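Contents: one structure, followed by commentary.
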Amino acid sequence: MSSSRRQYPFHLIEPKWQKVWDEQQAFRAFNPNEEIPANHPFAQRHKISGKVSAPQLPPKFYILDMFPYPSGAGLHVGHPEGYTATDILARYKRAQGFNVLHPMGWDAFGLPAEQYAVKTGQHPRKTTEENIATFKRQIQSLGFSYDWSRELATTDPDYFQWTQWIFLKLYNSWFNPKTNKAEPISKLEYPKELELSNWAKSQTADELLDDPKKLDSETLKLWNKRREYRDSKRLAYVSEQPVWWCEQLGTVLANEEVVDGKSEVGGFPVVRKPMRQWMLRITAYAEKLLTDLDTIDWTDSLKEMQRNWIGRSEGAEVDFQIVQRAAGVPPTDQTKKKSAAETDGSTFITVFTTRPDTLFGATYMVLAPEHKLVDQITTTEQSEAVAKYKTEISKKSDLERTELAKEKSGVFTGAFAINPVNGEKIPIWIADYVLASYGTGAIMAVPAHDERDWEFAKKFELKIRAVVMPPVDWLRKNAPENWAHLEPDSFTVEFTKIPKVFKAAFTSEGHAINSRNAEVSLDGLSVAEAKKKITAWLEEKNLGKKTINYKLRDWLFSRQRYWGEPFPIVWKKDAAGHLFHEALPESALPVLPPTLEDYKPTATGEPPLTRAKDWVNLPNGSVRETNTMPQWAGSCWYYLRYLDAKNSAAFVGSEVENYWMSGGVKSLNGEIVKSEAGSTIQRFNDSTSTPGVDLYVGGTEHAVLHLLYARFWHKVLFDLGYVSTPEPFFKLVNQGIILGEDGQKMSKSRGNVVNPDDVLGEYGSDAFRLYEMFMGPLEMVKPWSTKGVEGVYRFLGRVWRLFVDEKSETEFEQAETTTKAQSHQELLDLIKLNPSIQNVAATPAQLKTLHACIKKVTEDLDGLRFNTAISAMMVFINEAMTWQTKPLAMMKSFLQLLAPFAPHIAEELWARLHSTFGQTATSLAYAPWPKFDPALLVESEMEIPVQVNGKLRDVIKVSVNATQADLETAAKNSEKVKPFIEGKTIKKIIVVPKKMVNIITG
RNA sequence: GCCGGUGUGGCGAAAUGGCAGACGCACAGGACUUAAAAUCCUGGGACUAUAAAAAGUCGUGUGGGUUCGAGUCCCACCACCGGCACCA
């Protein structure tokens, strides 16, 4: 990099002020009833000190960054983009008088540290601590106003004991559909057949288990059944099911961590493998997670991503009776109803459809190859083909199964089902285009109105019947030849004339045709009407019911890793040898992981923790759970721990939680409103603070992972009464990624990675911060430009020279290169204030320039438009450069505007202004934000554009008080306008007061 | 395929329906300097015309529309970016 002349001594200024802020603890945020030192700038600004309760504190403002994973590579230029935005806002809100909470911490569990441990044997904790130290140094060198007293790392036992504590809450809760919220498992109601005898009720579980002789086998059986029932209801439960297993990573992964059939981390192949895993019942919250999106201020695209991920579909479940069964199984009585069918297990297949209106067009059925009824219904003749197909499918990766433009495949089972609306006997197939994991794993196929069913039916020559009326122009294109000539009238009324097979699937909406039986007719109804009618009929006949399905699956929560939170769970055996799990008591927290010599994952999927035999086997004979929690666990609630980071008695104190998340006492005065979706949200009477985190900034990569998981945990904690808001993050903004200088994504292989340390060394942190914000709108993707950094750096140089005496700066520079003995402060003291700054009154023009700038910067900060706020300050400086005399008060105001963006240079110049004029400087960080005076912005004259027929011809100067008539006259008299209106009739003159004049000629 | 977003000078970008291109970069010319760097001043959308100026025409992805007036609103497309994708 070029070693051009330094614009200003940022290398002395920046460390100086960072040290001052640190010594003052200037950015400590104070909790209710926390001791506020009288000499703290916050105390002085708000004239409070000592222990102050929530109502006496200023209003809260919680500004949060997505905390980083401290990788070995150190900070990249993308991190400070969001951090700078939040820091500017934090400083701005502090100046406005808010009690600002702006914390930072470390999402420190994770694979890289563990992989490094596998390679070198170095404990992941050591690697993690080193990386955190690097990250912290880099972040601190940027002068962010974090309250470091609240720093946390997810790997600290003091932290993760509460992560484990929250897991216990999940474990010990269930979702009560009657109250629509999570409740303690102790309140679970058991079905009648599982009720205990009075004697058994009087015993504790341990008593029963300790002395199996006390138990007759019936009681033991019942006890086990009750446990099974209870365990099946928990929000954290164990399930043996096919999960994503990644051989290379040696662990299972959540759906959200699998992208295109590969692991999101590392891009390794994943395969489906049935394993016993911990799951979290996020699906119970699908509806709340969806509807509550309406109550929070996120971007549409982000909300849409979450909506898509949750994937709500309304439709119906329909029961199809099986009429031909595998050899050796007697045919069932076709008149049997569902309830009877349930007990014999296999006479009905239930499908899910979003188009029950097309039920009359269902000409075959398809089951997923993994569907549990497949083997039972397959006929002897077809059993070989079915078995072969199933084997083929199981070998395929999911990527191969979902490959685009793949031809449909499938096999007939030999069995048939009865279409309940028309009694038709339809074949049952299995095919991999039906997914076992969605809906019921079975579909009714309506080839006339579904692309996939159409393709399948064409390939295997299955019956196709149209039951929805397409529009005429669609018919002209897609009806068979002998129908193509028909005129529109032929199609409108007589349904019998409609061709039953078209040349393609018609999937849009239309009126129903060919859809009636003796009891019900859908013919002529719209899709919506037909759905309603047929669903009602199905429900009446006990053949089906209205249903809602979600794409969202329960969250696979265990990993076969070392470097994660151990589960606070042990496994025990009862007297009959049944294995069951049990929660450790809260007093056993934190459950620390053992130290291992070998951190390697095992090929079998046995977690590495199983190697620590002494740790795993407890003296009482029980065995520890050896899986660990995923990295997302720690990030699900860190924003709550910041509120009360040192609390050893609770994950967060309730008074503290209420102040920061609900505005403390303000929430009591606030309005409780129902959202459209019916959930309760809190709004405050004053519009200044909002429920939850007021502003959360981070990358879009967390749109469906972290942000969905954290909302889920928060809602559980809300239901259980531990937090006071239903949503954690009120406003959320995604910063756009920063590309390399070549417009490509930054990567080592491209060699276009910009190292923040280099930029800081060359231009200083104020310039770096300013540039990150000046590049463009926060949310946009934008390429890095080193020349652009130089541009804002030059701007800071101009600011500096506006305030300091150039001669004295030359002396300073000479002193710096020659006399090494002087301290930094002594060197800085050589620089004197620019004599053109004087304690005089400002001219009206100067005031106007300043107040225009205050207005623009204030409004832009409120709208997070940092780039244009910086432009406004540049305009001010360009103008101020031309002034002979610069009024002191004005220059102070400008520094206050600059301070959130470039805090070091602003503090330095602020201190100089005060000392030079014999004033005492209080910290700029707490100086009240300047207010603009609209009266000063009013002009006496203004320039008005004059158009003729919409084309600009002149700009005239008129008095602001000019009437419409004045404007008309002035416009017509303009020398430049005259040639365009001479000899023409003026049809109309449009005058927009204070805006423009438009003359329309004939 | 579906959903969301974005298209404006050489580049990053700015514009409550009312002077398109603020601000910055790059570039060009000038001042200062032995010279360079740094700094300061000036210029600039394209095209036509001109010695120069004045002036004119066109111009915000494309094509329509609404309006006295459209980058901005409406309709139909195109391109790029992001997400989802055999979810019945």
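Below, chain A is the first sequence line, B the second, and so on; all start at residue 1. Note that the structure is predicted; figures quoted are calculated from it, not measured. What you see below is based on every heavy atom in this structure, not just the backbone, and it leaves out hydrogens, waters and symmetry mates.
- For A/Asn308 and B/rC84, a side-chain-to-base donor-acceptor distance below 3.5 Å is absent, hydrogens and geometry of angles not being considered.
- As a whole-Å value, the separation of A/Lys782 NZ from B/rG5 C1' is 14 Å.
- Nucleotide B/rG4: paired with B/rC81 (Watson-Crick or G-U wobble, both distances less than 3.5 Å).
- If you take CE of A/Met780 and C1' of B/rG82, they are 12 Å apart, rounded to a whole angstrom.
- Within the structure, a side-chain polar atom (N or O) of A/Arg794 is placed less than 4.0 Å from OP1 or OP2 of B/rC25.
- Judged by distance alone, with hydrogens and angles left aside, the side-chain atoms of A/Thr353 form a donor-acceptor pair with the main-chain N or O of A/Arg355 at under 3.5 Å.
- Checking side-chain atoms of A/Thr413 against main-chain N and O of A/Ile428 turns up a donor-acceptor pair under 3.5 Å.
- On the C1' atoms, B/rC19 is 27 Å away from B/rA28, given to the nearest whole Å.
- With B/rA88, B/rC19, B/rG12 as the candidates, the nucleotide lying closest to the side chain of A/Pro783 is B/rG12.
- Comparing the P positions of B/rG24 and B/rG45 gives an interatomic distance of 16 Å, to the nearest angstrom.
- If you check distances only, the side chain of A/Lys951 never reaches the base of B/rU57 with a donor-acceptor pair under 3.5 Å.
- Counting distance only, with no hydrogens placed and no angle test, the side-chain atoms of A/Lys987 and the base atoms of B/rC68 include no donor-acceptor pair under 3.5 Å.
- Within the shown strands, nothing qualifies as a pairing partner of B/rC86 under the Watson-Crick or G-U definition with both distances less than 3.5 Å.
- Across B/rC40 and B/rC47, the matching C1' atoms stand 34 Å from one another, rounded to whole Å.
- Of the listed residues (A/Val977, A/Ile986, A/Val997), just one forms a side chain to side chain contact (heavy atoms under 4.5 Å, CB included) with A/Lys972, and that residue is A/Ile986.
- At a threshold of 4.0 angstrom between heavy atoms, the contacts of A/Lys856 with the nucleic acid are absent.
- As a whole-Å value, the separation of A/Glu790 CD from B/rC11 C1' is 15 Å.
- Between A/Phe456 and A/Tyr364, the distance from one ring center to the other falls under 6.0 angstrom.
- Dashed line: the shortest gap from a side-chain N or O of A/Gln7 to OP1 or OP2 of B/rU39 is under 4.0 Å.
- Considering only the side chain of A/Asn867, B/rA13 comes nearest among B/rC23, B/rA13, B/rC19.
- Between A/Arg953 atom CZ and B/rC19 atom P the separation is 15 Å, expressed in whole Å.
- Note that A/Arg711 lies in the cation-pi zone of A/Trp298, set by a 6.0 Å cut-off to the ring centre and a 45° limit from the axis.
- Using a 4.0 Å heavy-atom cutoff across all strands shown, A/Met873 reaches no nucleic acid atom at all.
- Between A/Asp954 atom CG and B/rA55 atom C1' there is a gap of 14 Å when expressed in whole angstrom units.
- B/rA51 and B/rC32 have their P atoms separated by 33 Å, given to the nearest Å.
- Nucleotides B/rC23 and B/rA14 place their P atoms 14 Å apart, quoted to the nearest Å.
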